[in-house]
Amino acid sequence: MSRLGNLGARLYRGEVGYDFIGNRKIWYGISILITITAIVGLAVSGLNMGIEFKGGAVFTTPKTSVSVDKAEELASTSSGHQAIVQKLGNGGLRIQITEVDTSKSDEIKGELSKGLSVPAEKIAADLVGPSWGEQIANKAWTGLGVFMVLVVIYLAIAFEWRMAIAALVALIHDITITVGVYALVGFEVTPGTVIGLLTILGYSLYDTVVVFDSLKEGTKGITKQTRWTYSEIANRSINGTLVRSINTTVVALLPVAGLLFIGGGVLGAGMLNDISLALFVGLAAGAYSSIFIATPLVADLKERDPQMKALKKRILAKRAAAAAKGEPSEAEQADEGFPEDVAPAGAVVGQRQEPPSGHGRTPGKRR
């Protein structure tokens, strides 16, 4: 078995683990700092809205020997606005100029014809009105709102309201960070960006539900035992699904990174940046929030429940009594085998778990 696979098995069985829940204040602080940075970037720089949202004109030329830089300078001078020029596969140019009205588009077309040495009739001009982009934005916000409501309702029914709130907070966290990154790097926001933004919500929710499912299974009959608190079982659930979350995130990020850094960066296909940056940042933020935000927040909310408070008090009192007698606590004894009445962290729903080889002896008795 590979080292990663062996580590995953040990995390799954609870033999090793990291105290994610115990260090939750650190993760909350990091997330708050990142979120504030994103909001400040959004407030100061704002979003670089594309032509679909601001309106303007797109000129497509036939094959020409003029460089992209020279064409960009010519288009910006002719229109008085910043122009974006891209080289097409047939050797032609795609010149995009925002906030250009119909009356001025003919004048710009004439200037481009002279500067590029291309007949004016061979330059295609398409005008885009800002109302179209506004409709797209409104529909996107409507879709996002409906999605959020349905997610909260589903998670509240399938799990519980605390998990629904935690998942909602994690989704808002991911959206805020992604939008903030767009504002900071200045990438153009297009309909492709909106599609990418809506797509990452599904990935983020998937990682969160995987951990929640493990947590739900692990906390069945939790009040009937005195070995682990809710937070401790939540921590085991995170560790039990940690390698799976890392694997799925890395596999999803690799092709997106190829689009962003190779396609958009090296090869210069700038249009790929529209969706790839949203996917890259969103996938990474989603994996982070499912581990460091959603589950710790559920544990925080759950530990305020009177039943969980009473359980934690009983467990701590029992451990203190065992420590005073110099005896191992039930949790330490349980390290020699799975608990009898609580499923191990990371257990698959509906799958009966058997103690691993060498861990089947009676808890508390040593050979």
Side-chain angles (χ1 to χ4, degrees), residues 41 44-130 132-133 136-137 178-197 254-281:
V44 174
S45 303
L47 291 173
N48 179 22
M49 306 303 290
I51 191 172
E52 294 86 355
F53 297 100
K54 296 167 70 174
V58 178
F59 300 93
T60 306
T61 73
K63 184 177 181 180
T64 177
S65 59
V66 177
S67 66
V68 171
D69 292 337
K70 186 176 180 181
E72 192 171 280
E73 181 182 353
L74 174 63
S76 299
T77 303
S78 302
S79 62
H81 297 279
Q82 182 64 39
I84 299 175
V85 180
Q86 295 173 329
K87 194 79 170 180
L88 301 178
N90 61 357
L93 298 174
R94 183 180 186 270
I95 304 171
Q96 179 178 302
I97 307 172
T98 57
E99 300 177 315
V100 173
D101 54 29
T102 306
S103 60
K104 197 171 183 180
S105 64
D106 291 337
E107 180 184 339
I108 297 173
K109 185 176 180 180
E111 293 293 330
L112 291 175
S113 174
K114 295 177 183 178
L116 300 176
S117 300
V118 175
E121 60 272 13
K122 291 188 177 181
I123 299 178
D126 296 315
L127 298 178
V128 180
W132 183 83
I136 293 295
T178 306
V179 174
V181 169
Y182 260 88
L184 290 172
V185 301
F187 274 23
E188 191 177 43
V189 177
T190 67
T193 305
V194 177
I195 294 171
L197 190 63
L254 286 176
V256 176
L259 287 176
L260 179 60
F261 299 110
I262 305 300
V266 178
L267 300 180
M271 289 181 287
L272 293 177
N273 291 333
D274 301 347
I275 189 171
S276 58
L277 181 63
L279 290 175
F280 187 84
V281 176

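Between the CD1 atom of I195 and the CG atom of L279 there is a distance of 10.0 Å, given to the nearest 0.5 Å. Put simply, OG on S78 and CD on E107 are 8.0 Å apart, with the number rounded to the nearest 0.5 Å. Atom CD1 in I95 sits 12.0 Å away from atom CD1 in I84 (nearest 0.5 Å). Atoms NZ and OG1, from K122 and T60 in turn, are 15.0 Å apart once rounded to the nearest 0.5 Å. Atoms CG and CG, from D69 and L74 in turn, are 12.5 Å apart once rounded to the nearest 0.5 Å. From S276, atom OG reaches atom CZ of F187 across 7.0 Å, with rounding to the nearest 0.5 Å.
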Give the C-alpha distance, both sets of side-chain angles, the deciding distance and a yes or no for side-chain contact (heavy atoms from CB on, under 4.5 Å) between I108 and I97.
-> CA-CA 10 Å; I108 297 173; I97 307 172; 4.0 Å; yes
Stepwise side-chain contact (heavy atoms from CB on, under 4.5 Å) test for L259 and F280 | CA-CA 9 Å; L259 287 176; F280 187 84; over 6 Å; no
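Closest approach of N48 to G186, counting heavy atoms only: ND2-O, 3.2 Å. Residue G196 comes nearest to A278 through the heavy atom pair C-CB, 4.0 Å, listed as atom of the first residue, atom of the second, then distance. In terms of heavy atoms, A83 sits closest to S76 at N-OG, 3.3 Å. In plain terms, the two heavy atoms of M49 and E188 that are nearest each other are C-CG, 4.3 Å. Between S113 and A120, the closest heavy-atom pair is OG-N, 3.2 Å.
A side-chain contact (heavy atoms from CB on, under 4.5 Å) with V181 is found for exactly one of V185, V179, T178, namely V185. Screening T61, V85, L116, L112 against V66 for a side-chain contact (heavy atoms from CB on, under 4.5 Å) leaves a single residue, L116.
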